[in-house]
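Working notes, structure below.
Residue numbering restarts at 1 for every chain, and letters A, B, ... go by the order of the sequence lines. Since the model is a prediction, treat every value here as computed from it, not as a measurement.
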Protein chains: 2
Amino acid sequence: MQQSTSTEAPAGPRTEAALRILEAAKSLFADMGYEGVSIRDIADRAKVSKANVFHHFTSKASLYEAVLEHATADWDAQLDLLKNGSGSIAERIADFAAEDLQHQLADPHGVYLFLRQLMDNRHTAQRRKTEEVITRGLRSLLDVLEEVQQNRELSQRIDPLTLVLAILGSNFMYFQLRHLLNGLFDPESRVTPEDFSRSLIRLITPSTGAASDSSSPSDHPAS
Amino acid sequence: MQQSTSTEAPAGPRTEAALRILEAAKSLFADMGYEGVSIRDIADRAKVSKANVFHHFTSKASLYEAVLEHATADWDAQLDLLKNGSGSIAERIADFAAEDLQHQLADPHGVYLFLRQLMDNRHTAQRRKTEEVITRGLRSLLDVLEEVQQNRELSQRIDPLTLVLAILGSNFMYFQLRHLLNGLFDPESRVTPEDFSRSLIRLITPSTGAASDSSSPSDHPAS
DNA sequence: GCTTGGACTGATCGATCGGTCAGTGATTGA
DNA sequence: TCAATCACTGACCGATCGATCAGTCCAAGC
């Protein structure tokens, strides 16, 4: 049960091959799911023998755990942007939203790993861990918003939780459907992530009661 | 459109046991993923023999296909609400958003099946099918919004695509994190789906330029 | 020199996988 | 009455799964 790695932080791969295994496992787990990937698949992609995978990782489950650990490491860093960001609250929200979308686009495997984790009803141990990460992140975001709401920077009419979920959800929808979106319009008019982030902020911030003008000097409606 | 009803009962369960197999497969596939479920698991939950599964469905893949077919059938019906709905555009958007959230909450297995399908990079055949359903749905939603936008019912400042993705994404976020949300506040103050839908519409619609007053008689005075 | 230990591999294990098959019991139509 | 069809089952198959193990290779320490 509590067989999990007692040594907390040092999840660092000890060898070049071990790192290749970790990276191969991450992309494969993200694309095919835990059960959809065999140790052979991972070993083949990492250009090592199957037995070598078990040399570096005690079991398939522990390898998956290591992949999750490595993937969720840099998730926390993103929160500082809204926490310690500069500028008005509207700017910080806009920056956070744009940064979050870029983060998803830059690491799609991480997003998928995260999502699969939330959908899986088996590994309750790691699922709780993932839930804790999310809860902590949400709590952190809400603290900031509720604080500026008490300072009258943010309209009282806005529910901070709804605002957070709307940003994260909208970004995820764009991320998930990004390849389909271009087929909805003329082939020449693409919807870039920057376009979407701007449009999303324009949709949400007018009702926040915060000044949202400062950072749009060259913006014009004429397309 | 006519694709689904061309052959009336193409995959219709011909027996009570067959229906149990289909339902068991749906919940298991949704929770554990395609590779995470064995025919034995399905047979056990459906209270039939393993061979009987192959008697009704030619293979595991065809069973999965039948599950998907059965699950995506009622998805289309939801679009009519915004298409043929009554009332102002703001009311129709609000109704659609609330209905979409209720639909997700009522059929979480369907949502998970849908999502797993989009994350899976193997079954390209069914993946394209799923993508077509989504594309058709999005296209339909956008048509309505762009129409009312030309009629000046909807503000020109709003990007219809962003609005649609924001609604769907926000709902999905609430759906996905619904069990975590109550832990963020006092145990007594729960965030009901109705609360969230109201709050989401309040966040989004003020900037749409459409009249959004009709359905908020007890709303507070402007702060 | 010799020994130790870690990285790594090929061969192999039992368990479980998806799938097959011969057959049973009940129902039906001629 | 009997043959045919149906839903359904237990036993079994080859393939593949995660995991083990004995052993090779090589660099570091004495």
Note to self: Could you check whether any side-chain heavy atom of A/Val144 comes within less than 4.5 Å of a side-chain heavy atom of A/Arg92, counting everything from C-beta outward?
What the structure shows: yes

Notebook entry, point to check: Is there a donor and acceptor pair closer than 3.5 Å between the side chain of A/Lys50 and the base of D/dA19?
Noted result: yes

Checklist line | Atom pair distance, as rounded to whole Å: CD in B/Glu16 and C1' in D/dC8 | finding: 14 Å

Check: Taking only side-chain nitrogens and oxygens of A/His56, does any of them come within less than 4.0 Å of OP1 or OP2 of C/dC8?
Finding: yes

Notebook entry, point to check: Can you check the A/Asn52 CG to C/dA11 P distance for me, whole Å?
Noted result: 16 Å

Notebook entry, point to check: Can you tell me if the side-chain N/O atoms of B/Ser49 get under 4.0 Å from OP1 or OP2 in D/dC8?
Noted result: no

Notebook entry, point to check: Which whole-number value in Å describes the distance from B/Asp41 CG to C/dG18 C1'?
Noted result: 12 Å

Next item on the list: For side chain to side chain donor-acceptor pair (under 3.5 Å), just list the numbers for A/Gln176 and A/Tyr112, CA-CA rounded to whole Å, side-chain angles, deciding distance to a tenth of an Å, and then say yes or no.
Entry: CA-CA 10 Å; A/Gln176 183 72 309; A/Tyr112 281 164; 3.1 Å; yes

Item checked: Listed nucleotide nearest any side-chain atom of B/Ala51, set C/dA7, C/dT9, D/dT9 -> D/dT9

Next item on the list: Tell me which nucleotide among C/dG18, D/dA19, C/dC8 gets nearest to the side chain of A/Ala17.
Entry: C/dC8

Item checked: Whole angstrom value for the distance that separates C1' of C/dT16 from CG of B/Asp44 -> 13 Å

Checklist line | B/Thr58 side chain to B/Phe54 backbone, donor-acceptor under 3.5 Å | finding: no

Margin query: Go nucleotide by nucleotide along DNA chain D from the 5' end; which of B/Ala18 and A/Ile39 gets its closest nucleotide reached first?
Written below: B/Ala18

Next item on the list: Return the value, rounded to whole Å, for the distance between atom CG of B/Leu28 and atom P of C/dC17.
Entry: 12 Å

Check: A/Tyr64 has an atom OH; how far is it from atom C1' of D/dG18, in whole Å?
Finding: 17 Å

Check: Between D/dC8, C/dC21, C/dC8, which nucleotide gets closest to the side-chain atoms of A/Thr15?
Finding: C/dC8

Item checked: Length of the line joining A/Leu63:CG and D/dA19:P, which is rounded to integer Å -> 10 Å

Notebook entry, point to check: At under 4.0 Å, does any side-chain N or O of B/His55 touch on OP1 or OP2 of D/dA7?
Noted result: yes

Checklist line | Closest to the B/Arg40 side chain, choosing from C/dG10, D/dA7, C/dC17 | finding: C/dC17

Check: Quick one: A/Tyr34 OH to D/dC17 P, roughly how many Å, whole number?
Finding: 14 Å

Next item on the list: Flag the pair B/Leu145 / B/Leu161 as yes when at least one side-chain heavy-atom distance between them is below 4.5 Å, and no otherwise.
Entry: no

Notebook entry, point to check: How are the rings of B/Phe29 and B/Tyr34 set to each other: parallel, tilted or perpendicular (split at 30° and 60°)?
Noted result: parallel

Notebook entry, point to check: Looking across every strand, which nucleic acid part, if any, lies under 4.0 Å from B/Val53 by heavy atom: base, sugar-phosphate, or nothing?
Noted result: nothing

